[in-house]
Amino acid sequence: MAEILLSEAEKAFIHHGVQDDLRCDGRTRLDYRPIILETGLVSNASGSSRLRLANSDVLVGVKVELASPLSEKPLEGRLEFFVDCSANATPEFEGRGGEDLANEICRFLQMSYMSGDTINLAELSVLTGQQCWVLYVDILILECGGNLYDTVSLAVKSALYTTQIPSIKVATMDGDQPELELSEDPYDTKRLNTQNVPCLVTLMKIGNHYLVDPTPEEECCSSSGVVVAVSGTKKITAVRKIGSGSLHPESLVSMLKTASEVGTVVNKILMTKLLEEERAGKTQKVGFMR
Amino acid sequence: MPVDSRRLQGPESAFSYTLLKKKDANAEESVLSADLQKMLIGSNQVRKDKRKPTDARPLFLRTGIISQAKGSAYIEQGNTKLVCGVYGPREVQKKSDFRLNGQLFCEFKFAPFSCQKRRSHQQDNEELVLSGLLREALEAAVCLHHFPKAQVEVNIMVIENDGSPLAAALTCASLALASASIPMYDLVIGTAVRQLPKLLLLDPTKEEEWQPKLNHDENNSNLTVGFMPSMQQICAYVHEGVSNPEELEQMLKLVTEYCLKVQPVVQLCLKETIEKMLANEGENKDAE
């Protein structure tokens, strides 16, 4: 994150605020900042979304392509994540500075989507062992305002929700070349079931309490935290401790329980909003003009 | 992405021959209990290597195996073997990275022949992330303020990967750091546990580790924890799979209990290292 320099007095102020359940912007410890979400922005992508969590801005584009499945998993399609920390987001990302963070986010997303309970990859298979759909999920971090993991995961979930995969009418093998025929109707598409796609919840520890959705200043005050991937069914699919500090086992356990509850609520609200947007139909896209 | 121009790359179509092996009949069954049955054999529920579910593999530790390094350690946990070398504290290589506290640079590398599937010579994404995890864990244990403006390098090389490499790396790295006389708050002991629907397996082998399977992952997961026993603090926590928070709590309890049991073993190894060092110094003094 951007180089935030805080004086000892400012750090003490944040600590005391957290103790009293009143953060610098008036939130309680378990409150999120305002989220602005819009899907279907990028016309060339099969699915896209833009999510703005206060000052963190993420744009996700999903492209579906046909490829041969992995030899170990002939019955499944796959998801490939790529995170690009744009140099616009923060001066630290200039050149190859953002690579480490991008790699970590990418890898953690892969870990949280690995389990078969999150997304049914068998739906992406076209011809067993020969052709399958590969979803390339490209995440562009436009602005970094703290809590990147959560922002990215919500944006990815929204983009996957709106991804339209073309229907294949005929799929046969012509000798050793697969022969596929797409349906003529460009609107004849199928969508994935993203009910159980995980949302990431970041909890940072400050003093004896932990916070949801930390701002960059709060991240600077904290030495350790956890990122938890919570799927739609209140299950935890991946956990990682972040930061250079350490945690007591009891604090870790209570953080995990809180994360699972918070994650479930966030998931539910996100799905409700996505459904609302879908029902509202093809209204004027606001895009980046706002 | 940096391309390795010095080595001849194999043809793109090369793949592991194990994919052509005839599939085991049990693997076709799509029942969760098949996993359990594969892991445990016999009426007294022992694992394939005759261990009980809460038994870890025998541990072998040795320090001082890299003569040129400031500190080094070798660990064997069953068939998982790895080496750690520690260099430093020395001047920060890139002058622009000057910092008032010391810095830790970790490199985690699998030897190309260590896993069933051949690894590349250069660090891939998984190894980069493991390096980051190791660094964050060790930063919690090392007294960084004792060597300002300096860096300590920790290099891990996995010679054979038979499950839980990160756990073994955590233990090995903290032993190597301690034998290099780097000031630390406490030793880090790493442990891994595999969660099955009604059972927990401590220190899983590669076969026992969780691999994602379609529709059968409920209550299956892998957990690796780095624990500092004297300070009762967790410095590394990596979980993948599908679990409830309550199950995670149980797994954590099992892991912390085991780490407390292993702590005296690691301390004994360090004690022997110091005794050897003192004996050598004594001999040198006599020779002069």
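Residue numbering restarts at 1 for every chain, and letters A, B, ... go by the order of the sequence lines. What's counted below: heavy atoms across the whole structure, side chains too, no hydrogens, waters or symmetry copies. Please read all numbers here as calculations on a predicted model, not as lab measurements.
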Atom NZ of B:Lys149: over 12 foreign heavy atoms under 6.0 Å
no

Greatest number of non-hydrogen atom pairs under 4.5 angstrom with chain A, of B:Ile234, B:Asn244, B:Val238, falls to B:Ile234

Could you tell me which non-hydrogen atom of B:Leu133 sits nearest to which non-hydrogen atom of A:Lys241, and how far apart they are?
CD2-O, 4.5 Å

Distance alone, cut at 3.5 Å: any donor-acceptor contact between the side chains of A:Lys235 and B:Asn219?
yes

With rounding to the nearest 0.5 Å, note down the distance linking CD in B:Glu126 to CG in A:Asn103.
11.0 Å

Between NE2 of A:His248 and CD of B:Gln232, what distance do you get to the nearest 0.5 Å?
5.5 Å

Exercise: identify the closest heavy-atom pair between B:Glu139 and A:Ser244:
OE1-OG, 2.6 Å

Student check: side-chain heavy atoms of A:Gln110 and B:Val129 closer than 4.5 Å:
no

Chain B heavy atoms under 4.5 Å from A:Leu252: which part of the residue, side chain, backbone, both or neither?
side chain

Taking every non-hydrogen pair under 4.5 Å, which of A:Val230, A:Val228, A:Val227, A:Ile242 racks up the most with chain B?
A:Ile242

Looking at A:Pro198, A:Pro249, A:Ser112, which makes the most heavy-atom pairs under 4.5 Å with chain B?
A:Pro249

For A:Lys234, is the NZ atom crowded, meaning more than 12 foreign heavy atoms sit under 6.0 Å from it?
no

Of all the heavy-atom pairs spanning A:Ser246 and B:Gln233, show the shortest one and how long it is.
OG-OE1, 2.9 Å

Which pair of heavy atoms, one from B:His239 and one from A:Met111, lies closest together, and at what distance?
O-CE, 3.5 Å

Reported CD-to-CG distance for the pair A:Glu99 and B:Asn125, which is rounded to 0.5 angstrom:
9.0 Å

Heavy-atom count around A:Glu80 CD within 6.0 Å, excluding the residue itself: above 12?
yes

